[in-house]
There are 2 protein chains.
Amino acid sequence: MSQVHYLGRSKKTKITSLDIAHRAGVSQATVSRVLRGSPLVNAETRRRVEDAVRELNYKVDRHASSLRTQRSGTLALLLFEDPTPDESHINPFFLSMVGSITRACAREGQDLLISFQQLSDDWHADYEDSMKADGLILLGYGDYLAYTGKLEKLVAQGTRFVRWGAVLHDQPGLSIGCDNFNGGRIAGEHLVGLGRRRIAFLGGASSHCPEFFDRFRGCDAALREVGGAMEAILQVDAESSEEDGFAAARELLARGGAFDAVFAASDLIAVGAMRALADAGLRVPEDIAVVGFDDLPMARFTSPPLTTVFQDTKRAGELLVETLLRQIGGEQTQSITLPASLVVRKSSGA
Amino acid sequence: MSQVHYLGRSKKTKITSLDIAHRAGVSQATVSRVLRGSPLVNAETRRRVEDAVRELNYKVDRHASSLRTQRSGTLALLLFEDPTPDESHINPFFLSMVGSITRACAREGQDLLISFQQLSDDWHADYEDSMKADGLILLGYGDYLAYTGKLEKLVAQGTRFVRWGAVLHDQPGLSIGCDNFNGGRIAGEHLVGLGRRRIAFLGGASSHCPEFFDRFRGCDAALREVGGAMEAILQVDAESSEEDGFAAARELLARGGAFDAVFAASDLIAVGAMRALADAGLRVPEDIAVVGFDDLPMARFTSPPLTTVFQDTKRAGELLVETLLRQIGGEQTQSITLPASLVVRKSSGA
DNA sequence: CTGAAAGCGCTTACAG
DNA sequence: CTGAAAGCGCTTACAG
């Protein structure tokens, strides 16, 4: 029987279920039954075992347990990023998702492994094959077309995964995403209702970034309802960062096309754009109405506060985890589109 | 010998090192040697094994390996938070640390478990005793006094851990933190150099939050060099959020004490405070100079851009991981204080 | 309700 | 340089 030593920094002797068994006067198998919550244990026996567990501060060895059950009780969160690996700054929207996913995992009793991935990494197999995780959560903006092939491979291999992103009918595997088209539409309708007709769009507007593209098309649809349309000269590519938003707004101004509103594909872009607009002497919202997307915490504290489209990251994180767990459990699951809603603040001049 | 099946979503048969051994015509032990990089393997044999590994897309079972070696190859990142568990919003400063820690782990070939913890949780033992992780990284503002006892328990148990935070001489275990006192001092000296003497401080200033307190005391030291001092009426408690910063600035205004500068204990507080100052018709920096702390990405895009004290989160993440790994490896390690530096932007009126 | 025993898939002395 | 074998700490049929 091993003993506990408190010898300063030296590691204590490892306590196993056998130690508990000896102490409680039962077999090791019974200890395991108690710890797994088996109903086939006498109440008095159970109590003795639980006492011993507490006294020795015993914890089940995760690896032995997982090796035996072939279940790790762990999910892996893979964050894709553009190839700027030296930057520590992750898109706050995703970080917010990381937060809600972490919490959802805790609630479900799952551990969460987290890792950044480059598109070039061999991530498609590693986590599940090595038993590190029972399933994967995929998160990240970026070029879909570039990694659709990898998703297909995951499906072919039978890997369990869910991804956050646009729900496209031909997308391999399950997706949970925001209703970007409708989000764009309500942003557009809001601006249209305020009399704006020349709406610039800052963000990628192509099938390489389907989420932004849907937001763009939604806004376009709103404009078309009143006989207008998004104009090519007023669309400038940008990824989701303040820097890109700043640069895109500068580019927009340099092009010289007239515009009375900016719909930014994300709040970060909007924040950068507002800075550029201010630098150019334009007033928000008097001269230019600005609407963002995401409703990051900072949106309430920009100057002026930012009107934006809210994405429910809390719900999204929960759904991602729940759906993945159901899939792992062999249940039927399906893609989900979450509704978007408008949050009106001062930047749109409403 | 197991075989790979691609039957739609069904799980493939698990491939083990025995399958590789058969295919390569060697013993299972040799497969293991190759995979562990043992030098005791013939080059030709090694090649055959590696080919088989590639062809069958084999990955070592992590749990079997860890069970045998008693090493998990995993670190756990525990984030402490105040008891508002329903909020998905984590302090962006910590999220930035999460980013750099995640990257540092990847570089070191370590997996990273992440978890939010409440002070009430029984986190002090779980991760290491269950072999889930070889060591812990502790992250989180919050009340030190409240969890010093837990740190002592960790040390007594021989758990390997490092924490981010103030390096206090009587703190149990290792800490890596920013030079908060000097950070506060350079912020104060900057403001003093601009002729400001009545500096308000927004943030906790007591031993319950030693980091903020050090920043406060550093600023006070700068003021004392010119015969001034921080005034009690100009100090308002705030935790690190825009909401708290906003509320604290309102409180400050309501108190009616004269001030010509605000030193916010964090950028988030500064952002909230600038909003409150603007609402009150005060101009930054003309009427009130504002300095923050952290240098979050958003600091460049506030209006006006925020003068702040830079903390090197990238380096911090690396040091946290490296130090922990050394500790796990049995090497001698020590606490580290990272330098702070001033980033001058418009909000201070320099 | 409980125990003895097999086995999950590795790693690593040990023997050759 | 390589193989046979023990064993890491659990879980779970199987037998009672």
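The sequence lines fix the lettering, A, B, ..., with proteins before strands; numbering per chain opens at 1.
One finds a salt bridge joining B:R47 and B:D51 here, because a Lys/Arg side-chain nitrogen approaches an Asp/Glu carboxylate oxygen to under 4.0 Å.
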Annotated protein contacts, base or backbone, on nucleotides 11-16 of chain C with a non-hydrogen cut-off under 4.0 Å, one of B, S, - each: BBB---
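Across the protein-nucleic acid pair, A:R47 atom CZ and C:dC1 atom C1' stand 17 Å apart, rounded to whole Å. Rounded to an integer number of Å, the gap from A:L18 CG to C:dA4 C1' is 13 Å. When rounded to the nearest whole Å, the span between CD of B:E44 and C1' of D:dC1 equals 13 Å. Taking atom NZ of B:K132 as the reference point, atom P of D:dG9 lies 18 Å away to the nearest angstrom. Rounding to whole angstrom units, CG of residue B:L67 and C1' of C:dG7 are separated by 12 Å. Spacing between atom CG of A:D19 and atom C1' of D:dC8 amounts to 14 Å, rounded to whole angstrom units. Between the CD1 atom of B:I20 and the C1' atom of C:dC10 there is a distance of 13 Å, rounded to whole Å. Remark: C1' of C:dG3 and NE2 of A:H22 are 13 Å apart, rounded to the nearest angstrom.
In B:Q334, the CD atom is not crowded: 12 or fewer heavy atoms of neighbouring residues, nucleotides or ligands sit closer than 6.0 Å. Around CD of A:E55, the count of heavy atoms belonging to other residues, nucleotides or ligands within 6.0 Å exceeds 12.
In this structure a side-chain-to-backbone donor-acceptor pair under 3.5 Å is missing from B:S175 to B:V167. Formation of a donor-acceptor pair under 3.5 Å by the B:S66 side chain with backbone atoms of B:R71 is found in this model. Checking side-chain atoms of B:T102 against main-chain N and O of B:V98 turns up a donor-acceptor pair under 3.5 Å. Of the possible polar contacts, one joining the A:R62 side chain to the A:G73 backbone as a donor-acceptor pair under 3.5 Å is found. Of the possible polar contacts, one joining the B:R48 side chain to the B:A24 backbone as a donor-acceptor pair under 3.5 Å is found.
Checking B:P39 against B:Q70, the closest nucleotide of DNA chain D that is more toward the 5' end is the one next to B:P39.
Distances shown here put every side-chain N or O of B:Y58 at or beyond 4.0 Å from the OP1 or OP2 atom of C:dG9.
Secondary-structure stems of DNA chain C, taken as three or more successive Watson-Crick or G-U wobble pairs (i with j, i+1 with j-1) under a 3.5 Å distance threshold, comprise C:1-3 with D:14-16, C:5-12 with D:5-12, C:14-16 with D:1-3.
Applying side chain to side chain contact (heavy atoms under 4.5 Å, CB included) to B:V162 and the options B:L325, B:L174, B:V321 leaves one that passes, B:L174.
Nucleic acid contact class of A:S38 (heavy atoms, under 4.0 Å, all strands): none. B:S66 comes within 4.0 angstrom of no nucleic acid atom, judged by non-hydrogen atoms across all strands.
To the nearest whole angstrom, the two C1' atoms, one in D:dT12 and one in D:dG16, are 16 Å apart.
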